[in-house]
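Everything below concerns the one structure shown next.
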Amino acid sequence: MRCKLKRIKSLPSPQNLFSKSASKDEGKMRHEFDIIRGAINCDYNEVDNALKENPDCINDRDWRNGMTAAHISILQENFEMFSDLMQQPHYDPDIKDNHGRRALDLTSKPYLIKYRKLLMNKMYSVFPQIHNELNPRP
């Protein structure tokens, strides 16, 4: 599957968002595998290895734009990677990028409805009180 990056008017060009390295301290990386670099490069092995090495890295943010791997996979329309990320129990759907957007906020376009549905299911399982408030039982 080829990885593609969609341009969104509110974001700068993809070349300005991401570069080859995903760590600010390139020479001093804490981990051999980097989930942000893996998401940017659509490298499933790197993402999987990063999660095996440190399951909490699911919430890591890119130091340049604050995006998580989930944000990046939505912008790239990479549903396979996004659905794999949503399987992680430690994912926090309330993390915002540097523009104050959650991953859910990036799914407002109609063609991204499957991302929105998957993310909403994840949010309801993490925050069941929200689901109960939105769907009260008679």
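Just so you know, these numbers come straight off a predicted model, no measurement behind them.
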Does any part of the side chain of M123, heavy atoms only, come nearer than 4.5 Å to the side chain of R102, both counted from C-beta? yes
A side-chain contact here means heavy atoms from C-beta on lying under 4.5 Å apart; do Q76 and C42 qualify? yes
Does any non-hydrogen side-chain atom of D92 lie less than 4.5 Å from one of I58? no
Take F79 and L118, measure what side chain to side chain contact (heavy atoms under 4.5 Å, CB included) needs, and give me the verdict at the end. CA-CA 10 Å; F79 188 74; L118 188 59; 4.0 Å; yes
Begin from the C-alpha positions of R101 and H99 and carry the test side chain to side chain contact (heavy atoms under 4.5 Å, CB included) through to its verdict. CA-CA 6 Å; R101 296 172 301 201; H99 299 285; 3.2 Å; yes
For a 4.5 angstrom cut-off between non-hydrogen side-chain atoms, does R116 reach L112? no
Does V47 form a side chain to side chain contact (heavy atoms under 4.5 Å, CB included) with D84? I'd like the steps, not just the answer. CA-CA 10 Å; V47 170; D84 288 346; over 6 Å; no
Got Y111 and E77 here, is their nearest side-chain heavy-atom distance under 4.5 Å? yes
With the side chain counted from C-beta on, respond yes when I72 and L75 share a heavy-atom pair under 4.5 Å apart, and no when they do not. no
Over all atoms of both residues, closest heavy-atom pair of M81 and G38: CE-O, 4.0 Å
Does the structure place the NZ or CZ of K122 under 6.0 Å from the centre of the six-membered ring of Y91, at an angle of no more than 45° from the ring's axis? no
Does the side-chain hydrogen bond (donor to acceptor under 3.5 Å, both in side chains) test come out yes or no for N98 and R64, once each step is laid out? CA-CA 8 Å; N98 292 349; R64 291 175 298 276; over 6 Å; no
Nearest heavy-atom neighbours spanning Q87 and S83: CG-O, 3.1 Å
D62 (side chain) donor-acceptor with N65 (main chain) under 3.5 angstrom: no
Counting distance only, does the side-chain N/O of D34 pair as donor-acceptor with the main-chain N or O of I36 below 3.5 Å? yes
Side-chain (D97) to main-chain (T68) donor-acceptor, under 3.5 angstrom: no
Go through L106 and Y115 one step at a time and tell me if the side chain to side chain contact (heavy atoms under 4.5 Å, CB included) criterion holds. CA-CA 9 Å; L106 299 177; Y115 296 84; over 6 Å; no
Does either side chain, that of N49 or that of Y44, offer a donor lying less than 3.5 Å from an acceptor on the other one? no
